[in-house]
Amino acid sequence: MTYHPKSEFLRVMFERGYVADCTDYQALDEALVKGVVPGYIGFDATATSLHVGSLIQIMMLRWLQKTGGKPIVLMGGGTTKIGDPSFRAEERPLLTDAQIGQNIDGIKRAFSPYVRFGEAASDAVMVNNAEWLDALNYIGFLRDIGRHFSVNRMLSFESVKSRLDREQSLSFLEFNYMILQAYDFLELNRRYGCLLQMGGSDQWGNIINGVDLTRRVIGGEVFGLTSHLLTTSDGRKMGKTAQGAVWLNGDLTSPYEFWQFWRNTTDADVGRFLKLYSELPLDECNRLGALGGSEINAGKIVLANAVTTLLHGAEAAAAAEATAREVFERGGIGDDLPTVRVTPAELADGVGIVQLFVRAGLAGSGKDAKRLISEGGARLNDDLVTDAAMRLGAGDLAEPVKLTAGKKRHALVVLD
């Protein structure tokens, strides 16, 4: 679609490649020009941290605030008890209230680097939908809210239809999720004057439900805006690696590992990722993304530094780059590498090299580590590891040793 926005927020969303769809571009644009538009994105608390796959949504909230809007970060303390069935093959495992509370405490840490919380008109607020969902009266909810939903229409949404087409079970519990998410929009409109719900394009059906419900019950105009679901140019889901998720919390994915994830971006993705995940000017994003051959590595370093600086700060980004240079250019051992600590008690019979690669996160399992060794991809202090039965003793760990998987992934092993 070709649309030329007047508002700065929509202009940024279009120019930097965020926009997948919108319920009404022109009316949303006019609302953004008129004044402060509160907009929200919901995050269910299914883990103790968000991962890189959620970063595009967080950046949308950041840009909303930078262009004069008010971000609302909605924690799904209530909806997590059900689990979003969208495009999932099976029901999520149910979490206890205590687990959900712990997850929310961990997730909160990811937002303060990106949005400013406070009391001013465009300051962000963080709310938990358990505040209103936990107290719902079921019969009253069915009468007042349920009557606005058509089951026929809900079954037509692609997120549900794809599951049913595969003849996979969709529980009544999960089916209620989209009604509760729609109700969130209504409540946020009542409490905060929220006019906009954003999310990934897989949330389009849920967002449409929320827009329709809020219009019917309150009568005012509200909007939905979705971003593209991002995959890398080689088809991988964004934020996933062979070793698992790339988390936003530094205790789960260190600043160095986070930096290295972006440094390893494929050549074709550099320009696109600079636009989405950094605030560099568009001309610079395009210039760096168009570099060819080995020169593209300069763009990858700029990308890694920019994204790491936003989350962990400039000092952490600089330290990560310094460690990378020490490891890759001079063959040394950087101080900021992921570290495995081995106790003297573990060394009585020696500690296996396969176990160390798994503990360092350089292999997903013992089988993966053995395959890495057999294929010539494992090194110890830059020497090729050829024996999967190799064990390290106290003498081997008198000094820290470096493990390497492939060419770019490294970790330290130190004696406690």
Side-chain angles (χ1 to χ4, degrees), residues 49 51-52 236 239-266 297 300-301 304-305 308 312 316-416:
S49 171
H51 59 67
V52 164
R236 287 180 291 113
K240 298 285 187 178
T241 69
Q243 289 69 51
V246 180
W247 302 103
L248 301 185
N249 288 13
D251 57 337
L252 297 178
T253 297
S254 71
Y256 172 79
E257 292 171 298
F258 185 79
W259 188 95
Q260 196 63 49
F261 170 78
W262 297 99
R263 170 62 180 82
N264 291 338
T265 295
T266 57
N297 290 325
K300 295 180 183 181
I301 291 172
N305 283 335
T308 305
H312 294 295
E321 182 181 2
T323 294
R325 291 188 186 281
E326 175 71 15
V327 171
F328 298 127
E329 294 181 9
R330 295 191 286 276
I333 296 178
D335 294 333
D336 201 30
L337 287 177
T339 300
V340 176
R341 300 190 177 278
V342 178
T343 65
E346 292 181 84
L347 297 177
D349 299 317
V351 61
I353 192 71
V354 167
Q355 180 188 358
L356 290 175
F357 270 88
V358 174
R359 285 170 61 177
L362 299 178
S365 64
K367 184 178 179 180
D368 289 341
K370 290 175 182 177
R371 185 187 305 115
L372 184 71
I373 292 168
S374 68
E375 293 175 352
R379 292 182 179 272
L380 176 68
N381 284 341
D382 297 324
D383 294 326
L384 197 64
V385 178
T386 57
D387 183 7
M390 176 183 182
R391 304 185 77 82
L392 302 185
D396 299 308
L397 292 173
E399 297 288 336
V401 300
K402 180 176 72 174
L403 302 178
T404 301
K407 294 181 179 180
K408 297 181 179 181
R409 293 166 40 235
H410 308 267
L412 295 181
V413 181
V414 300
L415 181 61
D416 256 353

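Because the structure is a prediction, the values reported are computed rather than measured.
Among the candidates D368, I353, T386, L384, the single residue satisfying the side chain to side chain contact (heavy atoms under 4.5 Å, CB included) test with I373 is I353.
Within the 4.5 Å cutoff, side-chain heavy atoms of R263 are placed close to those of I301. Put simply, the side chain of H51 does not reach to within 4.5 Å of the side chain of V246, judged on heavy atoms. The shortest distance between side-chain heavy atoms of L392 and L356 falls below 4.5 Å. Proximity of V52 to F258: side-chain heavy atoms (C-beta onward) are separated by under 4.5 Å at one or more points.
Across every non-hydrogen atom of L252 and S49, the tightest pair is CD1-CB, 3.6 Å. Heavy-atom minimum distance, A316 versus P255: CB-CB, 4.1 Å. Minimum interatomic distance between L372 and G406 (heavy atoms only, all atoms of both residues): CD1-N, 4.4 Å. The two residues A304 and W262 have their closest heavy-atom pair at CA-CB, 3.7 Å. The two residues H312 and L248 come nearest to each other via the heavy atoms CE1-O, 3.8 Å.
With sequence neighbours left out, the salt bridge (Lys or Arg N to Asp or Glu O under 4.0 Å) criterion links K300 to D267. Residues satisfying the side-chain hydrogen bond (donor to acceptor under 3.5 Å, both in side chains) criterion with Q355, sequence neighbours excluded, are absent altogether. A411 is linked by a side-chain contact (heavy atoms from CB on, under 4.5 Å) to P338, A360, L362, counting only residues two or more places apart in sequence or in another chain. Residues passing the side-chain hydrogen bond (donor to acceptor under 3.5 Å, both in side chains) test with T265, sequence neighbours excluded: none. For R379, the side-chain hydrogen bond (donor to acceptor under 3.5 Å, both in side chains) test picks out no residue, with sequence neighbours left out. Remark: R391 pairs with no residue by the side-chain hydrogen bond (donor to acceptor under 3.5 Å, both in side chains) rule, at least two apart or across chains.
Taking the six-membered ring where tryptophan is involved, the planes of Y256 and W259 are essentially parallel, since the angle between them stays under 30° and well short of 60°.
Here the side chain of R359 pairs a donor or acceptor atom with the backbone of R341 at under 3.5 angstrom. One N or O on the side chain of D387 and one on the backbone of A389 form a donor-acceptor pair closer than 3.5 Å. The backbone N or O of S254 lies less than 3.5 Å from a partner atom in the side chain of E257, making a donor-acceptor pair.
Separating the OG1 atom in T308 from the CZ atom in F261 is a distance of 10.5 Å, to the nearest 0.5 Å.
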Next on the checklist: Evaluate H410 against L403 for side-chain contact (heavy atoms from CB on, under 4.5 Å), listing each step before the verdict.
Outcome noted: CA-CA 6 Å; H410 308 267; L403 302 178; over 6 Å; no
Item to check | Verdict with supporting geometry, L380 and M390, side-chain contact (heavy atoms from CB on, under 4.5 Å) | outcome: CA-CA 11 Å; L380 176 68; M390 176 183 182; 3.3 Å; yes
